[in-house]
Amino acid sequence: MFPGATDDGEGSHTADDADRDGANFVVVGAPLDVSTTFQPGTRFGPRRIRTFAEPFDDYDHRTDQYFSELGVEDHGDIRAWDNAKEYLEYLEGTLRGVVWDDAVPLMLGGEHTVSLAGVRAVEPEAVVVLDAHLDLYEAYDGNELSHASVTRRILEESAVEDVFILGARTGSETEWERARAPDVTVVSPEDVADWPLADRLDGRDVYLSVDIDAADPAYAPATGTREPFGLESRELRDVVREVAPYADGFDVVEVNDRDEGQTAALAGKLVREFAFARADGR
């Protein structure tokens, strides 16, 4: 269970079997790990994020709030299987149930592909993605539901008007060509801190996705495809704080088990920063 949350039960769930009366946020683990390239292990992400969030203090001095008083429930993990299409449909149903209950889903990945289920459930107009990679392949190794194609799939959702990719520093030639279209904005790591993001989000329905590899691998080494020259952890925190008051869904993805816990600790802290800022901003 995520520290400070109340327990919504153990094991796998469906969208219909949870009583979420009064919950403001619902943690959902999505340990999908079927298309991860180079270094797999995202199946362990949700468990590690919960574990390495345990030492954090309940109280947040900046917002004068207690995490345990924000109305956070932990729905547990949605057990993953090998058929990504079927899994995403099942996961979407669970997340849509959270949204229908007027709560904000906080999804713990799992590979980045699970963000597609989050976007489908929330149906935002604008999607903010913190990511080292563009993830704009039409298909990667012939797979349209690869983690390297997730942003391309998100752009195909009818509700989505704009995707803002912050921290991207690599991509194929065809991906950069797709990124020049008016529905995509790419902000380099050097420009993230000064980019006026809030101006693009005011009055819109928003979803925020954090691929942990947006951080420089010095801060987050436990991820499948490390890319140097990334964001500092404080820069990720600042973006999460800025976007949270506008966002009706959040995920942090691509954490694996190949370090001593520093990556999962960063991910867990970003979950808390999102919840504190969303509660404070609303």
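Checked by atom type and distance alone, the side chain of Asp57 never pairs as donor or acceptor with a backbone atom of Tyr59 at under 3.5 Å. No side-chain donor-acceptor contact under 3.5 Å links Glu157 to the backbone of Arg120. Put simply, the side chain of Glu227 never gets that close to the backbone of Thr225: no donor and acceptor are under 3.5 Å apart. For the pair Asp101 (side chain) and Ala103 (backbone), a donor-acceptor distance under 3.5 Å is absent. Distance alone, capped at 3.5 Å, is enough to place a donor-acceptor pair between the Asn24 side chain and the Leu70 backbone. In terms of modelled atom types and a separation under 3.5 Å, the side chain of Arg278 and the main chain of Ala247 share a donor-acceptor contact. Without hydrogens or angle criteria, Thr42 side chain to Glu254 main chain gives no donor-acceptor distance under 3.5 Å. A donor-acceptor contact shorter than 3.5 Å is absent between the side chain of Arg241 and the backbone of Glu273. With Asp58 contributing its side chain and Ser68 its backbone, the two residues share a donor-acceptor pair below 3.5 Å.
Using a 4.5 Å heavy-atom threshold, the side chains of Glu242 and Val128 count as separate. The side-chain heavy atoms of Ser149 and Glu175, taken from C-beta on, include no pair separated by under 4.5 Å. Here the side chains of Arg272 and Val72 are not in contact, with every heavy-atom distance at 4.5 Å or above. Between Pro105 and Val99 there is a side-chain heavy-atom pair separated by less than 4.5 Å. The closest side-chain heavy-atom distance from Phe250 to Val243 is not below 4.5 Å. The closest side-chain heavy-atom distance from Val252 to Ile212 is below 4.5 Å. Two residues are said to be in side-chain contact when any heavy atoms from C-beta on lie closer than 4.5 Å; Asp162 and Thr185 fail this criterion. Side-chain contact between Met1 and His75: absent, with no pair of heavy atoms (C-beta onward) separated by less than 4.5 Å.
To the nearest 0.5 Å, the span separating CZ on Arg43 from CZ on Arg79 amounts to 12.5 Å. Taking CZ of Arg152 as the start and CG of Leu136 as the end, the distance is 7.0 Å to the nearest 0.5 Å. A distance of 4.5 Å separates CD of Gln39 from CZ of Arg226, quoted to the nearest 0.5 Å. In this structure, Glu123 CD and Asp248 CG are separated by 11.5 Å, a value rounded to the nearest 0.5 Å. Here the CG-CD1 distance, from Leu266 to Ile49, works out to 9.5 Å after rounding to the nearest 0.5 Å. The CD atom of Gln262 lies 12.5 Å from the OH atom of Tyr219; values are rounded to the nearest 0.5 Å.
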With side-chain contact (heavy atoms from CB on, under 4.5 Å) as the criterion, how do Asp33 and Phe44 come out once you've worked through the C-alpha distance, each side chain's angles and the decisive distance to 0.1 Å? CA-CA 9 Å; Asp33 194 11; Phe44 305 114; 5.8 Å; no
Check the pair Leu91, Val28 against side-chain contact (heavy atoms from CB on, under 4.5 Å), reporting the backbone distance first and the verdict last. CA-CA 9 Å; Leu91 179 60; Val28 178; 4.1 Å; yes
Leu197 vs Leu166, side-chain contact (heavy atoms from CB on, under 4.5 Å): CA-CA, chis, key distance, verdict: CA-CA 10 Å; Leu197 182 59; Leu166 279 59; 4.1 Å; yes
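With respect to the salt-bridge test (charged N to carboxylate O, under 4.0 angstrom), the residues Arg62 and Asp280 do not qualify.
A salt bridge (charged side-chain N to carboxylate O under 4.0 Å, His left out) check over residues 182-201, counting only residues at least two apart or in different chains, returns the pairs Arg178-Asp183.
Using cut-offs of 30° and 60° for the angle between ring planes, the Phe2 and Phe67 rings count as tilted. Ring-plane geometry between Phe164 and Trp195 is classed as tilted, the angle between the planes lying from 30 to 60 degrees on a 0 to 90 degree scale.
For the pair Arg169 and Phe229, the cation-pi test (distance below 6.0 Å, angle within 45°) is failed.
When the side chains of ILVMFWY residues are joined at heavy-atom separations under 4.5 Å, either directly or via intervening members, Tyr140 and Val184 end up in two distinct hydrophobic clusters.
Heavy atoms from other residues, nucleotides or ligands lying under 6.0 Å from CZ of Arg237 number more than 12.
For the ring-ring contact (aromatic ring centres under 6.0 Å, His included) test, no residue two or more places apart in sequence or in another chain qualifies with Phe56.
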Which side-chain N or O atoms in residues 106-119 pair as donor and acceptor under 3.5 Å with protein atoms at least two apart or in another chain?
{"residue": "Glu111", "atom": "OE1", "partner": "Val34", "partner atom": "N", "Å": "2.7"}
{"residue": "Glu111", "atom": "OE1", "partner": "Ser35", "partner atom": "N", "Å": "2.7"}
{"residue": "Glu111", "atom": "OE1", "partner": "Ser35", "partner atom": "OG", "Å": "3.4"}
{"residue": "Glu111", "atom": "OE2", "partner": "Ser35", "partner atom": "OG", "Å": "2.6"}
{"residue": "Glu111", "atom": "OE2", "partner": "Thr113", "partner atom": "OG1", "Å": "2.3"}
{"residue": "His112", "atom": "ND1", "partner": "Asp131", "partner atom": "OD2", "Å": "3.3"}
{"residue": "His112", "atom": "ND1", "partner": "Asp135", "partner atom": "OD2", "Å": "3.2"}
{"residue": "His112", "atom": "ND1", "partner": "Asp211", "partner atom": "OD2", "Å": "3.4"}
{"residue": "His112", "atom": "NE2", "partner": "Ser115", "partner atom": "OG", "Å": "3.4"}
{"residue": "His112", "atom": "NE2", "partner": "Ser209", "partner atom": "OG", "Å": "2.9"}
{"residue": "Thr113", "atom": "OG1", "partner": "His147", "partner atom": "N", "Å": "3.2"}
{"residue": "Ser115", "atom": "OG", "partner": "His112", "partner atom": "O", "Å": "3.3"}
{"residue": "Ser115", "atom": "OG", "partner": "Ser209", "partner atom": "OG", "Å": "3.1"}
{"residue": "Ser115", "atom": "OG", "partner": "Asp251", "partner atom": "OD1", "Å": "3.3"}
{"residue": "Ser115", "atom": "OG", "partner": "Asp251", "partner atom": "OD2", "Å": "2.9"}

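A donor and an acceptor atom, one from each side chain of Tyr246 and Asp205, are nowhere located under 3.5 Å apart.
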